[in-house]
Amino acid sequence: MVYDVVIVGGGSAGSCLANRLSADRGTRVLVLEAGRPDYRFDLLIHMPAALTFPIGSRFYDWRYESEPEPFMGGRRIYHARGKVLGGSSSINGMIFQRGNPLDYERWASDPGMEEWDYAHCLPYFKKMETCLAGGDAFRGTSGPLVLERGPATNPLFGAFFAAVQQAGLSLTDDVNGYRQEGFAPFDRNVHRGRRLSAARAYLHPVMDRPNLDVRTRVLATRILFEGDRAVGVEYRSRGRTETVRAGEIVCCGGAINSPQLLQLSGVGRAADLERLGVTPVVDLPGVGENLQDHLEVYIQYACTQPVSVAPALAWRRRPFVALQWLLFHTGPGATNHFEGGGFARSNEDVAYPNLMFHFLPIAVRYDGSAPAAGHGYQIHIGPMYSDARGSVKVRSTDPMVHPALRFNYLSTAQDRREWVEAVRLGRRILSQPAMDEFNGGELSPGESVESDEEILAWVARDGETALHPSCTCKMGIGEEAVVDPGSMRVHGTRGLRVVDASVMPYVTNGNIYAPVMMTAEKSADLILGNTPLQPEHVEFFRRDRPGRAEDDAVSSDA
């Protein structure tokens with residue numbers, strides 16, 4: 001069978017596109033997903049508090065590792081990526097952050113990117129969401145992604161928000177609304193006690209469409225070309241190599257898989273491909289370059305009061321937590337625990353917040369390990385728009401061999417400066433009087449880490465990825481650009497597009513799931529040739545001059 005569209009990757013962007021492109025019953029759509037189905041009874045995916053279990057599991061996670069990072073003592077940094085329907089939205093922390101409006105003004109300042117400013121992106125953010133906290137000029141109320149606001153009722157959250165203000169920072173009503181800068185409860189992709197992944201929000205409701213086929217456990221190995229036109233996809237299924245032909249192919253594999261597939265198919269830097277024995281189809285040097293990510297650390301404290309959520313996560317309690325969740329979708333299992341945090345500036349030179357904080361009423365790592373028994377709390381913190389750049393490069397013609405990932409964390413003077421500022425600001429918040437009744441002493445990094453050099457050494461030793469790889473097939477025009485921003489077509493090809501985190505020109509200052517979904521919604525209209533949603537020129541908060549403390553409300557067409 002010949003399909004009108006083959007979507008390679010059933011993750012976040014792929015799920016959205018499958019829904020929107022198959023809405024026309026005359027368009028036959030096929031989704032190829034290398035991972036397993038997201039079975040409805042799979043507790044490890046759908047119970048929010050179980051988020052630590054899929055990460056690191058070969059059943060759910062691609063389990064990438066970076067090359068030895070030269071500025072982090074040669075450490076290889078582990079990178080989890082979803083290997084399941086719904087992609088990383090099925091295993092992530094469920095935090096919904098759009099980024100700052102000025103992120104999109106920055107996108108739009110690049111040549112050819114004028115229609116990716118905040119005014120043009122805002123209607124697509126609103127289209128995709130149902131914000132249960134209420135709608136306004138910034139928030140949507142009828143989209144597939146139902147967003148619950150974190151309750152943040154644990155007394156540690158109250159103390160944290162008070163400490164923020166004592167440290168000279170502010171609260172805000174909605175970090176995804178008029179003013180991102182500040183601290184507040186967070187929106188989460190959790191609905192009625194269950195994770196609401198992209199697959200559950202977009203794909204499963206339309207699975208019965210006769211013109212939509214979804215295949216799992218099939219690995220795309222190569223895009224087939226006739227000249228410069230993409231005409232099909234080669235894939236492996238149950239040990240066999242098969243092909244499918246299509247009028248259009250859309251790569252939605254993410255910032256690692258999409259450039260890998262393009263390179264294996266002959267689209268990339270020609271000299272690199274020839275050295276591997278891959279015949280170049282299009283010499284496109286930007287494929288796999290411009291890799292960006294967020295690095296983070298945990299500043300952890302012991303808690304003197306028995307108020308953290310540590311008891312609920314103890315091994316002896318987990319069967320009861322799971323049973324309560326299975327029966328009622330309530331209790332400690334029904335939250336991701338990332339219920340609040342905020343955005344701040346580490347210095348007065350930046351135009352908008354360059355730090356994001358997640359507060360947790362427990363001291364624990366992503367893999368579920370804790371530094372000490374008993375109660376604790378922590379903040380996750382790291383710079384949001386580092387100028388470090390890395391790459392994704394295939395090193396074998398075997399698609400099962402992971403590409404070489406190099407992120408170059410801590411490689412620039414800006415990055416190192418902002419890391420020192422970030423840790424100092426985090427400590428300043430957690431040492432305010434509001435935290436005194438809970439403060440049992442700093443567990444990590446500990447009192448021995450104080451000087452700038454000691455802080456950077458600790459970050460190099462202890463930092464982890466925040467799991468936001470992006471920008472490796474960036475939109476734009478010019479030598480390093482890969483994707484045309486007006487059509488999502490890969491430059492120099494016909495019938496081939498990319499829609500996922502890889503097309504961002506710059507990583508946004510927050511978790512990247514929401515920007516990926518907005519990009520997919522906007523791209524669906526571009527692919528279908530629909531009239532784009534009208535831009536919405538709203539005023540948003542900005543302090544546009546260093547050192548100025550008062551609000552400047554500016555229009556998104558400023």
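Remark: Asp4 CG to Ser22 OG distance equals 11.5 Å, nearest 0.5 Å. Atom CZ of Arg236 sits about 14.5 Å away from atom CG of Leu32, to the nearest 0.5 Å. The line from CE of Met356 to CD of Gln97 is 6.0 Å long, rounded to the nearest 0.5 Å. Between the NE2 atom of His337 and the OG1 atom of Thr52 there is a distance of 9.5 Å, given to the nearest 0.5 Å. Between the CG atom in Leu21 and the CG atom in Leu528 there is a gap of 5.0 Å [rounded to 0.5 Å]. One finds the CG atom of Leu44 at 11.0 Å from the CG atom of Leu51 (value rounded to the nearest 0.5 Å).
In this structure, the side chain of Ser265 engages the main chain of Ile223 through a donor-acceptor pair within 3.5 Å. For the pair Arg389 (side chain) and Ser386 (backbone), a donor-acceptor distance under 3.5 Å is present. Here the side chain of Gln378 pairs no donor or acceptor atom with the backbone of Gln300 at under 3.5 angstrom. Judged by distance alone, the side chain of Ser470 and the main-chain N or O of Met504 form no donor-acceptor pair under 3.5 Å. Of the possible donor and acceptor atoms, none in the side chain of Gln292 sits under 3.5 Å from a partner among the backbone N and O of Gly390. No donor-acceptor distance shorter than 3.5 angstrom exists from the side chain of Asp38 to the backbone of Val84, with no hydrogens or angles considered. In this structure, Gln263 contributes its side chain and Val392 its backbone to a donor-acceptor pair below 3.5 Å. Within the 3.5 Å criterion, the main-chain N or O of Ile45 finds a donor-acceptor partner in the side chain of Arg195. A donor-acceptor contact shorter than 3.5 Å is absent between the side chain of Arg406 and the backbone of Leu291. For Ser89 (side chain) and Gly86 (main-chain N/O), a donor-acceptor pair under 3.5 Å exists by modelled atom type.
Using a 4.5 Å heavy-atom cutoff, the side chains of Ile379 and Leu430 are in contact. Looking at heavy atoms from C-beta onward, Phe359 lies in side-chain contact with Leu156 at the 4.5 angstrom threshold. Annotation: side chain of Asn100 is in contact with side chain of Pro353 (closest heavy-atom distance under 4.5 Å). His402 places a side-chain heavy atom less than 4.5 Å from the side chain of Trp62. Two residues are said to be in side-chain contact when any heavy atoms from C-beta on lie closer than 4.5 Å; Leu405 and Phe407 meet this criterion. Side-chain contact check for Val498 versus Val490: some heavy-atom pair is nearer than 4.5 Å. Here the side chains of Val244 and Val6 are in contact, with some heavy-atom distance below 4.5 Å. For the pair Ile299 and Ile381, the minimum side-chain heavy-atom distance is below 4.5 Å.
Nearest heavy-atom pair across Met517 and Ser12 is SD-O, 3.4 Å. Contact record, Gly510 with Phe343: CA-CE2, 4.2 Å, taken as the closest heavy-atom pair. Nearest heavy-atom pair across Phe138 and Leu122 is O-CD1, 3.7 Å. Closest approach of Ile7 to Gly14, counting heavy atoms only: CG2-CA, 3.8 Å. In this structure, Ser88 and Gly82 approach most closely via the heavy-atom pair OG-N, 3.0 Å. Between Arg192 and His329, the closest heavy-atom pair is O-CB, 3.5 Å.
In summary, Asp187 and Arg139 engage in a salt bridge, as defined by a charged side-chain N under 4.0 Å from a carboxylate O. The residues Arg215 and Glu33 are annotated as not salt-bridged, no charged nitrogen and carboxylate oxygen being separated by less than 4.0 angstrom. Between Asp213 and Arg28 there is a salt bridge, with a side-chain nitrogen of the basic residue lying less than 4.0 Å from a carboxylate oxygen of the acidic one. For the pair Glu289 and Lys393, the salt-bridge criterion is met [side-chain N within less than 4.0 Å of a carboxylate O].
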Full working for side-chain contact (heavy atoms from CB on, under 4.5 Å) between Arg395 and Glu67
CA-CA 12 Å; Arg395 50 186 162 192; Glu67 296 296 288; 2.7 Å; yes

Go through it in stages, so that I can follow the logic: the residues are Asp24 and Arg209, the test is salt bridge (Lys or Arg N to Asp or Glu O under 4.0 Å), and I'd like the CA-CA distance, side-chain angles, deciding distance and then a yes or no.
CA-CA 10 Å; Asp24 176 2; Arg209 287 177 179 170; over 6 Å; no

Begin from the C-alpha positions of Met207 and Leu203 and carry the test side-chain contact (heavy atoms from CB on, under 4.5 Å) through to its verdict.
CA-CA 6 Å; Met207 282 281 225; Leu203 195 53; 4.2 Å; yes

Starting from the C-alpha separation in whole Å, work towards a yes-or-no answer on ring pair (Phe, Tyr, Trp, His ring centres under 6.0 Å) for Tyr104 and Phe125.
CA-CA 12 Å; Tyr104 304 99; Phe125 277 121; 5.7 Å; yes

In sequence, state the C-alpha distance, the side-chain angles, and the governing distance for Val8 and Leu261, and then conclude on side-chain contact (heavy atoms from CB on, under 4.5 Å).
CA-CA 10 Å; Val8 182; Leu261 181 60; 3.8 Å; yes

Could you check Lys126 against Glu521 for salt bridge (Lys or Arg N to Asp or Glu O under 4.0 Å), going step by step and ending with a plain yes or no?
CA-CA 10 Å; Lys126 294 171 68 174; Glu521 285 279 18; over 6 Å; no

Please determine whether side-chain contact (heavy atoms from CB on, under 4.5 Å) holds for the pair Cys131 and Arg149, giving the CA-CA distance in whole Å, both sets of side-chain angles, and the decisive distance to 0.1 Å.
CA-CA 8 Å; Cys131 180; Arg149 189 71 47 87; 3.8 Å; yes

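Side chains of Thr465 and Asp293: a donor on one and an acceptor on the other come within 3.5 Å. If you check the side chains of Glu464 and Tyr298, you find a donor sitting under 3.5 Å from an acceptor. Looking at Tyr64 and Asn257, their side chains do bring a donor and an acceptor atom within 3.5 Å of each other. A donor and an acceptor atom, one from each side chain of Gln180 and Asn509, are located under 3.5 Å apart. With 3.5 Å as the limit, one finds a donor-acceptor pair spanning the side chains of Ser258 and Asp500. A side-chain N or O of Tyr78 and one of Asp61 form a donor-acceptor pair less than 3.5 Å apart. Side-chain N/O atoms of Asp525 and Tyr124 include a donor and acceptor closer than 3.5 Å. At a cut-off of 3.5 Å, with distance as the only test, no side-chain donor of Tyr409 or Glu69 sits close to an acceptor on the other residue. Judged by distance alone, the side chains of Thr335 and Arg188 do bring a donor and an acceptor atom under 3.5 Å apart.
Judged by the 6.0 Å and 45° rule, Arg36 forms a cation-pi pair with Tyr60.
In this structure, Arg25 places its CZ atom where more than 12 heavy-atom neighbours from other residues, nucleotides or ligands lie under 6.0 Å away.
Here the options are His79, His468, His358, the test is ring-ring contact (aromatic ring centres under 6.0 Å, His included), and the partner is His294; only His468 passes. Checking Leu467, Thr519, Val507 one by one against Ile512, the side chain to side chain contact (heavy atoms under 4.5 Å, CB included) holds for a single residue, Val507.
Ring pair Phe183/Phe160 is perpendicular by interplanar angle, where above 60° counts as perpendicular and below 30° as parallel.
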